[in-house]
Structure formats: structure tokens, C-alpha cells
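Everything on this sheet refers to the single structure shown next.
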Amino acid sequence: MGNSESITGGQTAVLAKDTYMWYRKFMMEYPSGLQTLHEFKALLGLQGLDQKANQHIDQVYNTFDMNKDGFIDFLEFIAAINLVVRGKVEQKLKWYFKLYDADGNGSIDRKELLNIFMAVQALNGQQTLSPEEFTNLVFHKVDVNNDGELSLKEFISGTESDQDLLEIVSKSFDFSSVLKVICNGKQPDTGERLPSKCRRRRVQGRRT
């Protein structure tokens, strides 16, 4: 089973009343209690992507698969939802760092940052900055010792201290759409009520 502390830093933010509803939805979609990579992509409508976008989605899935058994179980699933819904800035930055650190060696080099941003661009469409501009900007602002690599400490402190950079990084990995798909895209035909969090989002959407 997964360990939610690996993503959320020990914070159990998803309300207990919502957790049961998430569990019912998860088990309805995945009776085995496990979600595969193929099912993850199908849930989000992400089939037929190009190679770079596929690499990005694989990396996202792998960061959610915290025990590295090749599946996402419910505890890992709820930890991911918790991060998307209520994760604090530092928690999200730690997760972004894991996505950037493709080889898992604890640091990010220019090639890793460039490749993951190219994958994000292929997935989400045109960004304000090109991958090269984004990479140069991050290293210029964050790589304080100019060694060509970013440590977790450098990445978090440098990004948190620069509001413009924080906004750019956050927008690049905006997963609010993932939550909307989970809430709305796979809604069962059983009359089951959405978790309160999803209901609030639907009401807000109608008012805008």
C-alpha cells in the first residue's frame, strides 16, 4: 500500500467525509483496488500523445506511485488528490522537483529541466516562454552557486522568493483540471452524489 506522507509531507487535508466518497468512486472504477498507467491515461483522456507528452505523463504517474510497484492504490490516489486540492506551496514545489529530477539523483540539470518543460508544452499547448527561455530563467534565478545543477533546497528557496517565477512554475503544472476530470468526467450513472469538494466546484463553475 502507498504512504500518503511521501507526497503531502504528513498533512492529511482531505476531509474524512470526502474520503469515503473518493473511495467509492475509486473502487467503482478500479474494483481491484489498483490503477494502472493505461487506466490513468484513459481517465484523463490522454491516449495518442506524442513521445514527449507521454514521457511527462509517465513521470507524473511514477511520482504518484510512491512504493514503485507499478500501480496507484487508493492511499496513493488520495494523497495525490490531497496535493492537488490543498497542498501547500512547499509541498507542491517538492513534487515539481521530483518531476524535474528525471534520473532521481537528487538534483536537476539543464537537460532534465528542458526535457520536462518540452513535454509539458507538448501536453498543454503553447506556453508563454519557450523551453529554452524557461530553463535559462530558472537557472539564472535559482542556481545560486552556478554549478549547473539545482538542489532541492536551491529550487524551493529560489522559487518561493521570486513570485513571478513561482507563478510560472505553478502554471506549468496546474493539475486542477485533473481534479475536474475525476469529479466530472467519470461521473457514474447511479445517482451517487459528488464529494462536497466537487459539488462546490460545480456550483462555482455555474456562477462564473
Side-chain angles (χ1 to χ4, degrees), residues 2-9 35-44 46-73 76-77 79-80 83-84 87 89-160 162 165-178:
N3 180 354
S4 61
E5 293 189 3
S6 297
I7 287 183
T8 64
Q35 183 192 61
T36 66
L37 174 60
H38 175 77
E39 290 168 333
F40 179 75
K41 291 179 179 180
L43 171 67
L44 302 178
L46 298 176
Q47 289 109 341
L49 301 175
D50 64 27
Q51 183 179 2
K52 290 187 181 298
N54 258 318
Q55 289 173 348
H56 171 58
I57 293 302
D58 291 353
Q59 184 77 350
V60 171
Y61 183 87
N62 289 335
T63 61
F64 287 156
D65 176 22
M66 291 169 286
N67 63 358
K68 308 306 176 189
D69 64 352
F71 302 95
I72 293 178
D73 63 28
E76 291 167 333
F77 174 81
L83 177 71
V84 172
V89 171
E90 184 170 340
Q91 293 168 338
K92 290 185 177 182
L93 288 176
K94 286 181 179 178
W95 183 60
Y96 299 154
F97 186 88
K98 287 185 178 181
L99 289 176
Y100 292 138
D101 183 17
D103 61 10
N105 70 346
S107 64
I108 302 169
D109 60 32
R110 285 181 173 272
K111 183 178 180 181
E112 287 176 319
L113 190 59
L114 181 66
N115 285 342
I116 195 68
F117 194 79
M118 289 174 65
V120 171
Q121 191 176 54
L123 181 65
N124 295 339
Q126 182 63 44
Q127 303 279 347
T128 303
L129 299 174
S130 71
E132 292 80 8
E133 290 171 333
F134 176 78
T135 300
N136 290 335
L137 176 66
V138 171
F139 271 84
H140 174 71
K141 290 179 175 288
V142 177
D143 186 17
V144 293
N145 61 1
N146 295 310
D147 66 349
E149 293 189 342
L150 305 179
S151 66
L152 176 61
K153 182 179 180 180
E154 280 181 318
F155 179 72
I156 291 178
S157 62
T159 306
E160 282 186 323
D162 189 307
L165 181 60
L166 177 61
E167 183 176 351
I168 291 171
V169 171
S170 298
K171 284 184 177 180
S172 297
F173 291 94
D174 180 8
F175 273 76
S176 59
S177 58
V178 172

- Does Val89 offer a backbone N or O that forms a donor-acceptor pair with the side chain of Glu160 under 3.5 Å? no

- How far does NZ of Lys92 sit from CD1 of Ile156, to the nearest 0.5 angstrom? 14.0 Å

- Heavy-atom closest pair, residues Val142 and Glu154: CG1-O, 3.1 Å

- Task: To the nearest 0.5 Å, tell me how far Leu37 CG sits from Asn62 CG.
- Result: 7.5 Å

- Any sub-3.5 Å donor-acceptor pair from Thr63's side-chain atoms to Val60's backbone N or O? yes

- The reported gap from CD1 in Ile116 to OH in Tyr100 (rounded to nearest 0.5 angstrom) is 8.0 Å

- Could you tell me whether the side chain of Tyr61 and the main chain of Gly70 form a donor-acceptor pair under 3.5 Å? yes

- N/O donor-acceptor pair under 3.5 Å between Glu112 side chain and Asp103 backbone: yes

- Heavy-atom pair with the smallest gap, counting every atom of Glu149 and Asp147: O-OD1, 2.7 Å

- Given the rule in the side-chain contact (heavy atoms from CB on, under 4.5 Å) test, do Asp162 and Leu166 qualify, once you have shown the distances and angles that lead to the verdict? CA-CA 6 Å; Asp162 189 307; Leu166 177 61; over 6 Å; no

- Task: Step by step, work out the side-chain contact (heavy atoms from CB on, under 4.5 Å) result for Asn146 and Val144.
- Result: CA-CA 6 Å; Asn146 295 310; Val144 293; over 6 Å; no

- Message: Applying side-chain contact (heavy atoms from CB on, under 4.5 Å) to Phe64 and Trp95, what does each step give before you reach the verdict?
- Response: CA-CA 9 Å; Phe64 287 156; Trp95 183 60; 3.5 Å; yes

- Query: Are the side chain of Gln35 and the backbone of Ile72 linked by a donor-acceptor contact shorter than 3.5 Å?
  - Reply: no

- Message: Quick check for you: to the nearest 0.5 Å, what is the distance between Arg110 atom CZ and Leu150 atom CG?
- Response: 8.5 Å

- Check whether more than 12 heavy atoms from other residues, nucleotides or ligands sit under 6.0 Å from atom NZ of Lys153, and answer yes or no. no

- Item | side-chain contact (heavy atoms from CB on, under 4.5 Å) between Glu132 and Leu114, intermediate numbers included | CA-CA 7 Å; Glu132 292 80 8; Leu114 181 66; 4.2 Å; yes

- Query: How close do Asp109 and Phe139 get, heavy atom to heavy atom, and via which atoms?
  - Reply: C-CZ, 3.6 Å

- Atom CG in Leu129, atom CG in Asn136: separation rounded to 0.5 Å? 10.0 Å

- Counting N and O atoms only, with roles assigned by atom type, does the side chain of Lys98 sit under 3.5 Å from a partner on the main chain of Gly104, one being a donor and the other an acceptor? no

- If only atom types and distance count, is the side chain of Gln59 paired as donor or acceptor with the main-chain N or O of Leu99 below 3.5 Å? yes

- Query: When rounded to the nearest 0.5 angstrom, what distance separates CZ in Phe155 from CG in Leu113?
  - Reply: 8.0 Å

